[in-house]
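Below you'll find the structure, written out as structure tokens, and then a few comments.
Numbers here are sequence positions counted from 1. Bear in mind that the values here come from a model prediction, so they are computed numbers and not experimental data.
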Amino acid sequence: MMSGTLFSLKAMTKAHIYIIVFLFVLFLIGYKWTKIAAWLLPKSGYGLVSRDFRASDAFANHRGIRNNNPGNLKQSNPRQGWIGAVRNPSDATFEQFELYVYGVRAMVKLIRNKVQNGLNTPEKLIGDPQQGWAPAQVDNNSTEAYIDFVADEAGMQPDSLIDASDKQLLWRISSAVEQFENGVKVMTYQEFENAWRLL
């Protein structure tokens with residue numbers, strides 16, 4: 001009787017150890033699971049804030065929001081291949097995304113890449129003639145107003161350096177870009193966090 005009890009305790013202990021180890025491994029690679037799931041099943045929104053504004057009448061006059069594309073990223077040729085991008089978008093010019101968070105991710109990733117490649121002030125990020133977000137010579141952009149708005153919302157000067165690893169600063173810049181591009185603030189901080197996890 002006693003040996004049977006000891007055996008079951010050992011078996012239970014082993015099972016508990018396996019469960020603990022499994023949960024610990026999941027904890028360590030938790031962010032990667034979200035990224036893998038987003039890549040494999042972009043429509044699922046696994047682990048994400050899964051808002052989709054493509055059929056929303058509330059944002060009929062806000063093209064970027066309706067495209068789930070808060071940064072108004074244009075399609076490239078060949079297509080960029082963003083995570084969660086709609087394969088055959090109904091918009092002939094701008095990218096469309098399955099979920100808003102994927103559009104946020106693309107915007108944040110592009111901002112971070114531009115900063116890391118030398119467009120490391122609001123002035124350069126927005127107004128650089130070659131690679132800026134909204135250079136003056138393209139589409140009649142209000143570049144100076146855009147630069148001032150982003151700098152003000154980010155709490156910095158137009159010529160202040162942007163640290164590409166400063167998540168809070170990139171949150172403020174991304175939010176400012178969304179607002180200037182679309183005239184509304186839609187992105188939540190949780191969506192930004194989810195987007196950051198997917199970078």
My understanding is that only one of Arg66, Arg63, Arg54 makes a salt bridge (charged side-chain N to carboxylate O under 4.0 Å, His left out) with Asp91; could you say which?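 Answer to the salt bridge (charged side-chain N to carboxylate O under 4.0 Å, His left out) test with Asp91 among Arg66, Arg63, Arg54: Arg63.
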
Full working for side-chain contact (heavy atoms from CB on, under 4.5 Å) between Glu98 and Asp52: CA-CA 7 Å; Glu98 300 286 353; Asp52 179 3; 5.8 Å; no

Qualifying side-chain hydrogen bond (donor to acceptor under 3.5 Å, both in side chains) pairs, either residue in residues 148-159, two or more places apart: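 The answer is none; no pair qualifies.
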
Please indicate whether Gln116 has more than 12 foreign heavy atoms, meaning atoms of other residues, nucleotides or ligands, lying under 6.0 Å from its CD.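 Yes.
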
Taking everything shown except Lys74 itself, do over 12 heavy atoms lie less than 6.0 Å from its NZ?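 For Lys74, atom NZ is not crowded (no more than 12 foreign heavy atoms under 6.0 Å).
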
Does [X] belong to the same Ile/Leu/Val/Met/Phe/Trp/Tyr cluster as [Y], with side-chain heavy atoms less than 4.5 Å apart forming each link?
| X | Y | value |
| --- | --- | --- |
| Val101 | Val86 | no |
| Phe94 | Leu110 | no |
| Ile147 | Leu169 | yes |

With rounding to the nearest 0.5 angstrom, report the [atom1] to [atom2] distance, [X] to [Y].
| X | Y | atom1 | atom2 | value |
| --- | --- | --- | --- | --- |
| Lys109 | Leu73 | NZ | CG | 12.0 Å |
| Lys167 | Leu199 | NZ | CG | 10.0 Å |
| Asn120 | Ser160 | CG | OG | 10.5 Å |
| Thr188 | Glu193 | OG1 | CD | 10.0 Å |
| Thr143 | Asp128 | OG1 | CG | 11.0 Å |
| Ser175 | Met187 | OG | CE | 4.5 Å |

Using only atom types and a distance under 3.5 Å, with no angle test, would you say the side chain of [X] pairs donor to acceptor with the backbone of [Y]?
| X | Y | value |
| --- | --- | --- |
| Arg172 | Ala151 | no |
| Thr121 | Leu161 | no |
| Gln179 | Lys185 | no |
| Asn194 | Val49 | yes |
| Gln131 | Leu119 | no |
| Asn182 | Pro70 | yes |
| Asn67 | Gln96 | no |

In a check of side chain to side chain contact (heavy atoms under 4.5 Å, CB included) between Asp166 and each of Ile162, Asp163, Leu170, which one passes?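 Of the listed residues Ile162, Asp163, Leu170, the side chain to side chain contact (heavy atoms under 4.5 Å, CB included) partner of Asp166 is Asp163.
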
Axial cation check for Trp196 ring with Arg105, 6.0 Å and 45° limits: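 No cation-pi geometry.
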
Hey, are Arg51 and Glu191 close enough for a salt bridge, meaning a charged N less than 4.0 Å from a carboxylate O?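 Salt bridge: yes.
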
For Asn69 and Tyr102, run side-chain contact (heavy atoms from CB on, under 4.5 Å): C-alpha distance rounded to whole Å, both residues' side-chain angles, the deciding distance at 0.1 Å, then the answer. CA-CA 8 Å; Asn69 180 1; Tyr102 294 139; over 6 Å; no

Using every non-hydrogen atom in the two residues, find where Gly71 and Glu181 come nearest and quote the distance to one decimal.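 Closest approach of Gly71 to Glu181, heavy atoms only: O-CD, 3.9 Å.
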
Between Arg79 and Ala85, what is the shortest heavy-atom contact and its length?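 Closest heavy-atom pair between Arg79 and Ala85: NH2-CB, 4.2 Å.
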
Tyr189 and Gln168: side-chain donor and acceptor closer than 3.5 Å?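 Tyr189 vs Gln168: donor-acceptor pair found between side chains.
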
Is there side-chain contact between [X] and [Y], with heavy atoms separated by less than 4.5 Å?
| X | Y | value |
| --- | --- | --- |
| Val108 | Ile173 | no |
| Phe97 | Val104 | no |
| Tyr100 | Ile65 | yes |

Would you mind listing every ring pair (Phe, Tyr, Trp, His ring centres under 6.0 Å) that reaches into residues 104-138, with sequence neighbours excluded?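 Those involving residues 104-138 do not exist here.
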
Quick one: sort the Phe53 and Phe59 rings into parallel, tilted or perpendicular, breaks at 30° and 60°.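 Rings of Phe53 and Phe59: perpendicular, over 60°.
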
